[in-house]
Amino acid sequence: MASVILQRSRKKRLEQSHPWVFKNEIEGVEGDPAAGSLVQIMDHRRRFLGTGYYNPASQITVRLVSFLPLEEMDTPFFVQRFRECLKHRARFVHENAYRLVYGEADFLPGLIVDRFDDVIVVQLLTLGMDRCRKSIVEALVEVLQPTGIYERSDVSIREMEGLEQVKGILYGNPSRFVTVTENGLKIQVDIEQGQKTGYFFDQRENRASIEPLMTGWGERSGIILQELADDEGNSRIVPVNRKGKEVTFPYWNGATVLECFSHTGSFTLHACKYGAKKVTCLDISEHAIESAKINVGLNRFEERVEFVVADAFEYLRNQVKGLSERDARGAKDAKPVDTSVPMTAGGGRTWDVVILDPPAFAKTKGAVKGAVRGYKDINLHGMKLVNEGGYLVTASCSYHMRPDLFLETIQDAAADAGKVLRLVEWRAAGKDHPQILGVDEGHYLKFAVFEVRSKNF
């Protein structure tokens with residue numbers, strides 16, 4: 001087997017469990033390894049460090065797959081690795097859909113495998129994994145016995161490896177639409193046209209964490225629990241309004257919620273499950289909103305959800321403009337206004353909980369500056385639309401937007417908005433997205449819940 005010899009002056013990242021070897025860290029190559037084949041990784045003293053696959057066309061020239069000598073990444077190799085992945089998921093995820101293989105974090109760099117009940121979706125992101133396509137399919141069939149396997153390698157990162165973007169059936173006859181469960185909710189996934197592999201499993205636990213935010217809002221509307229007697233003299237505890245009349249709406253104590261960048265409506269579903277009174281589900285994509293409508297219908301939440309197809313930035317700004325105009329009209333020193341004339345800005349709505357889960361704004365290091373502006377913009381306008389004492393739920397899936405910068409950006413937005421934020425929840429990706437200590441690239445997702453207050457105390 002050919003060997004890659006590393007420079008003496010390199011950073012000792014391999015020894016700290018990081019699986020990548022960059023082109024500028026290589027002193028030389030002994031032998032004539034084919035692109036995509038396995039090589040031994042040696043330090044400058046010719047001491048063995050591990051086995052990885054090789055691609056001279058990539059800046060990440062070697063990706064480590066084992067700290068031991070390895071002859072071949074064949075079907076038995078993948079069977080063993082997939083069984084280890086399955087064992088981890090079985091311990092932490094007790095549903096029929098999850099990320100089974102998370103690349104480097106599962107010691108299979110360049111490979112993503114998502115399970116949707118009996119349908120499997122794979123992404124082969126690197127040349128080394130692309131060459132193992134047949135063995136990967138055979139191993140998945142042996143370990144999971146799926147009805148079908150579909151490939152979603154239609155991502156631009158493959159081009160950096162000298163590969164074309166591809167998608168299509170690899171095995172069996174997978175259905176395009178698969179219905180799975182997450183936290184007890186039914187979700188239909190479009191494996192062919194949905195984003196990435198069709199669904200984002202990484203927020204599973206984060207979606208469940210919003211449960212405490214969804215109830216406890218009835219008193220703000222003047223609704224309280226009170227003991228009432230019926231015609232037969234029997235007493236019971238019921239919700240009543242300010243006039244003392246019983247409230248029969250079952251979600252009287254629920255929050256009003258705005259979910260932006262909704263995709264398939266996953267946060268909307270969880271908000272409804274946990275008792276929200278009314279949810280506004282917004283996405284710029286009509287396809288995404290149609291998917292969200294299907295999922296809301298599957299769970300019978302139609303009466304509590306309204307759908308909006310709009311650009312989230314424009315929608316948030318418009319609501320803030322309307323809010324400012326409404327406040328100006330109501331000011332003590334305001335000039336008389338014909339209230340029959342609509343406000344010029346429109347909008348002006350507020351919510352108890354605003355949820356912001358945008359796509360990655362910074363896909364490269366050079367895009368960080370623009371991403372900061374984007375994150376500040378949506379969070380600034382989002383927190384302005386949160387009712388006093390309500391909550392801003394906000395996330396970033398941009399790896400280059402580091403946690404400290406993300407929090408700093410939100411703090412700057414709060415200062416400009418005149419708000420005080422209390423951090424009550426800080427989370428990362430879920431348990432089916434484990435992270436190798438020392439591999440910062442796996443620490444991409446930031447998820448935070450803030451209580452929002454004005455400076456009026």
Side-chain angles (χ1 to χ4, degrees), residues 95-98 114 116-117 119 121 150 152 167 174-204 206-211 213-215 249-251 254-316 318-319 346-347 349-359 378 382 385 393-395 397:
E95 292 179 300
N96 64 350
Y98 44 78
D114 281 349
F116 300 98
D117 196 9
V119 172
V121 178
Y150 194 83
R152 284 296 304 271
K167 62 186 292 188
S175 301
R176 173 179 172 180
F177 298 100
V178 185
T179 300
V180 298
T181 60
E182 178 181 276
N183 298 319
L185 292 159
K186 295 179 182 178
I187 298 172
Q188 185 186 90
V189 177
D190 183 349
I191 66 169
E192 293 184 17
Q193 298 298 326
Q195 294 182 32
K196 300 290 182 70
T197 62
Y199 190 68
F200 300 108
F201 289 119
D202 54 359
Q203 295 265 36
R204 179 197 313 270
N206 299 341
R207 294 178 189 117
S209 75
I210 69 171
E211 181 176 5
L213 313 182
M214 293 301 114
T215 54
F249 180 58
Y251 301 101
T256 56
V257 180
L258 169 64
E259 181 194 7
C260 294
F261 311 98
S262 65
H263 190 217
T264 54
S266 52
F267 276 101
T268 290
L269 298 178
H270 285 76
C272 288
K273 174 185 177 180
Y274 298 134
K277 178 166 56 180
K278 189 72 174 181
V279 183
T280 303
C281 180
L282 180 147
D283 199 283
I284 195 171
S285 164
E286 290 190 14
H287 178 271
I289 289 298
E290 288 304 312
S291 297
K293 286 181 179 178
I294 291 171
N295 289 328
V296 166
L298 283 173
N299 294 278
R300 300 181 179 179
F301 296 146
E302 299 98 319
E303 293 183 358
R304 287 185 284 151
V305 181
E306 62 173 348
F307 299 95
V308 178
V309 178
D311 177 89
F313 288 88
E314 293 181 5
Y315 185 85
L316 292 171
N318 188 57
Q319 300 305 319
R349 296 178 62 185
T350 59
W351 291 265
D352 298 320
V353 180
V354 172
I355 301 172
L356 306 174
D357 184 22
I378 61 168
L385 300 176
V393 179
T394 184
C397 60

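Residues passing the side chain to side chain donor-acceptor pair (under 3.5 Å) test with Asp311, sequence neighbours excluded: none. Remark: Arg204 engages Glu95, Asp432 in a salt bridge (charged side-chain N to carboxylate O under 4.0 Å, His left out) (not counting sequence neighbours). Here Phe307 pairs with Cys281, Ile289, Ala292, Lys293, Val296, Val305 under the side-chain contact (heavy atoms from CB on, under 4.5 Å) rule; sequence neighbours left out. The ring-ring contact (aromatic ring centres under 6.0 Å, His included) search around Phe201 returns Phe116, Tyr199, not counting sequence neighbours. Legend: residues meeting side-chain contact (heavy atoms from CB on, under 4.5 Å) with Asn96, ordered by chain and number and at least two apart, are Asp117, Val180, Thr181. In this structure Phe177 satisfies the ring-ring contact (aromatic ring centres under 6.0 Å, His included) test with no other residue, sequence neighbours excluded. The ring-ring contact (aromatic ring centres under 6.0 Å, His included) search around His270 returns none, not counting sequence neighbours. Residues satisfying the side-chain contact (heavy atoms from CB on, under 4.5 Å) test with Ala255, not counting sequence neighbours, are Trp217, Val257, Asp352, Val353. Applying the side chain to side chain donor-acceptor pair (under 3.5 Å) criterion to Tyr98, with sequence neighbours excluded, gives Arg115. Phe267 meets the ring-ring contact (aromatic ring centres under 6.0 Å, His included) test with no other residue; sequence neighbours excluded. Glu290 is linked by a side chain to side chain donor-acceptor pair (under 3.5 Å) to nothing, counting only residues two or more places apart in sequence or in another chain.
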Atom pairs and distances, donor-acceptor, side-chain atoms in residues 185-194, under 3.5 Å, two or more places apart:
from: Asp190; atom 1: OD1; to: Arg176; atom 2: NE; distance (Å): 3.0
from: Asp190; atom 1: OD1; to: Glu192; atom 2: N; distance (Å): 3.1
from: Asp190; atom 1: OD1; to: Gln193; atom 2: N; distance (Å): 3.0
from: Asp190; atom 1: OD2; to: Arg176; atom 2: NE; distance (Å): 3.3
from: Asp190; atom 1: OD2; to: Arg176; atom 2: NH2; distance (Å): 2.9
from: Asp190; atom 1: OD2; to: His287; atom 2: NE2; distance (Å): 3.4

